[in-house]
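Taking it in order: structure first as structure tokens, then the write-up.
Heads up: numbering here begins at 1 and tracks the sequence. Small disclaimer: the values here were computed from a predicted structure and weren't measured.
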Amino acid sequence: MQSRKEYELDKIYKLSYVDLSKFVGRFQIPKLKRICCLPKTLINFKDAMKHNKFNAFVHFYLNDGEFECLWRNPERYINRLKKFNGVLTPDFSLYTDMPLAIQIWNVYRSRLMGIVFEQNGIKVIPTISWADSRSFDFAFDGIPKHDVVSVSSVGIWKDKKVHHLFLKGLSAMIQELQPACIVFYGKLPAYNFGSISIIQQDPDTFFWKKNSNSVYYKEI
């Protein structure tokens with residue numbers, strides 16, 4: 001029987017979901033499963049807790065404080081999230097002025113929440129973010145190649161340096177993961193995506209724009 005102290009540590013670090021044999025890379029990032037399907041639309045986590053628009057994937061392109069509650073107590077939200085078509089993994093922030101330890105921790109937390117969702121029968125699309133080139137050593141770990149990923153371009157347009165770092169990371173991610181489809185939240189950058197299928201949604205809308213590239217995934 002677990003002691004009270006052990007139980008508290010398990011809840012804090014989600015140790016019941018940890019299987020190191022399935023973690024990958026130098027930093028032992030949790031590895032997600034392939035999903036092979038596409039969302040019809042996205043709804044943010046806050047709205048998903050209030051509105052019954054279940055024919056959507058839930059996203060976390062919000063301020064971190066608005067979904068930190070999910071990390072603290074995911075079991076509280078699982079039954080609600082199960083009603084939706086699926087979820088994107090939480091977008092815990094990566095900033096260039098963060099210590100690398102915090103950046104790694106936030107990538108780890110995002111992937112581990114994906115494991116929590118998967119183990120509860122929820123379809124998961126990985127959200128991918130990065131800071132500068134140092135984060136490329138771990139930012140793409142745990143993501144299946146040739147699958148669906150999600151990226152947000154919100155907040156990159158006013159600062160040329162941030163825009164440049166975003167494009168550099170986007171290129172590195174595509175080279176590393178070779179995704180079949182990118183679910184884009186926000187304005188599309190001027191970038192040659194080649195044969196990659198793009199699904200784009202403007203912030204806080206339910207309207208999609210889809211390019212003409214062929215998609216072998218089944219919409220759900």
Side-chain angles (χ1 to χ4, degrees), residues 24-27 29-32 38-39 42 44-45 57 59-68 88-111 113-114 124-205 207-213 215:
V24 297
R26 176 184 174 190
F27 300 103
I29 302 297
K31 184 177 181 179
L32 300 177
L38 295 175
L42 301 179
N44 71 61
F45 175 68
F57 269 59
H59 76 80
F60 296 86
Y61 293 126
L62 300 163
N63 292 326
D64 292 28
E66 295 179 290
F67 57 85
E68 184 66 27
L88 276 57
T89 55
D91 184 39
F92 295 112
S93 295
L94 274 68
Y95 293 113
T96 56
D97 57 354
M98 279 181 173
L100 280 180
I102 296 178
Q103 294 184 34
I104 295 167
W105 172 240
N106 278 348
V107 170
Y108 174 90
R109 291 201 295 162
S110 179
R111 303 288 193 275
M113 288 308 306
V124 176
I125 292 176
T127 296
I128 304 181
S129 58
W130 50 86
D132 56 29
S133 58
R134 298 176 303 161
S135 68
F136 301 169
D137 289 339
F138 51 85
F140 316 131
D141 285 353
I143 307 299
K145 291 187 177 182
H146 313 297
D147 204 43
V148 182
V149 300
S150 183
V151 169
S152 173
S153 64
V154 175
I156 71 166
W157 304 100
K158 293 183 180 180
D159 188 314
K160 289 184 178 180
K161 182 179 179 181
V162 172
H163 190 191
H164 173 75
L165 288 174
F166 177 82
L167 292 178
K168 187 175 181 180
L170 181 66
S171 180
M173 183 275 288
I174 289 173
Q175 182 176 358
E176 175 69 20
L177 299 179
Q178 302 171 38
C181 180
I182 301 176
V183 178
F184 239 100
Y185 186 73
K187 180 182 174 181
L188 282 178
Y191 185 90
N192 181 8
F193 291 97
S195 62
I196 299 172
S197 293
I198 303 297
I199 294 180
Q200 183 261 334
Q201 180 170 309
D202 295 327
D204 298 321
T205 72
F207 300 102
W208 284 95
K209 298 174 184 177
K210 188 172 180 179
N211 72 357
S212 59
N213 295 332
V215 180

Notebook entry, point to check: Run the side chain to side chain contact (heavy atoms under 4.5 Å, CB included) check on Val148 and Ile199 step by step: do they pass?
Noted result: CA-CA 10 Å; Val148 182; Ile199 294 180; over 6 Å; no
Next item on the list: Verify side chain to side chain contact (heavy atoms under 4.5 Å, CB included) between Leu32 and Asp147, making sure each step is shown before the conclusion.
Entry: CA-CA 11 Å; Leu32 300 177; Asp147 204 43; over 6 Å; no
Partner residues of [X] under the side-chain hydrogen bond (donor to acceptor under 3.5 Å, both in side chains) criterion, sequence neighbours left out:
X	value
Thr127	none
Glu68	Arg109
Ser135	none

Minimal non-hydrogen separation, [X] against [Y], with atom names:
X	Y	answer
Met173	Pro179	SD-CG, 4.1 Å
Val107	Ala139	CG2-CA, 4.3 Å
Val162	Ile156	CG1-CA, 3.8 Å

Within this structure, what is the [atom1]-[atom2] distance for the pair [X] and [Y], rounded to the nearest 0.5 Å?
X	Y	atom1	atom2	answer
Leu170	Leu165	CG	CG	12.5 Å
Asp141	Phe27	CG	CZ	8.0 Å
Tyr191	Ile198	OH	CD1	9.5 Å
Phe138	Asn106	CZ	CG	9.5 Å
His146	Ile196	NE2	CD1	11.0 Å

Notebook entry, point to check: Run the side chain to side chain contact (heavy atoms under 4.5 Å, CB included) check on Leu100 and Asp137 step by step: do they pass?
Noted result: CA-CA 10 Å; Leu100 280 180; Asp137 289 339; over 6 Å; no
Item checked: Non-neighbouring partners of Phe60 that pass ring-ring contact (aromatic ring centres under 6.0 Å, His included), sequence neighbours left out -> Phe45, Phe67
Margin query: For His163, give me all partners under ring-ring contact (aromatic ring centres under 6.0 Å, His included), at least two apart in sequence or on another chain.
Written below: Trp157
Polar side-chain atom of [X] near backbone of [Y] as donor-acceptor pair, under 3.5 Å:
X	Y	result
Gln201	Phe184	no
Ser153	Lys187	yes
Ser152	Tyr185	yes

Check: Can you list the residues that meet the side chain to side chain contact (heavy atoms under 4.5 Å, CB included) rule with Lys158, with sequence neighbours excluded?
Finding: none
Notebook entry, point to check: Which residue, Pro203, Ser129, Pro90, Ser150, forms the side chain to side chain contact (heavy atoms under 4.5 Å, CB included) with Tyr61?
Noted result: Ser150
Next item on the list: Provide the full list of salt bridge (Lys or Arg N to Asp or Glu O under 4.0 Å) pairs with a residue in residues 160-185, sequence neighbours left out, each pair given once.
Entry: none
Next item on the list: Return the set of residues passing salt bridge (Lys or Arg N to Asp or Glu O under 4.0 Å) with Asp132 (not counting sequence neighbours), or none when no residue passes.
Entry: Arg134
Check: Which residues satisfy the salt bridge (Lys or Arg N to Asp or Glu O under 4.0 Å) test with Glu66, sequence neighbours excluded?
Finding: Lys46
Notebook entry, point to check: According to the side chain to side chain donor-acceptor pair (under 3.5 Å) rule, which pairs have a member within residues 92-105, sequence neighbours left out?
Noted result: Asp64-Ser93
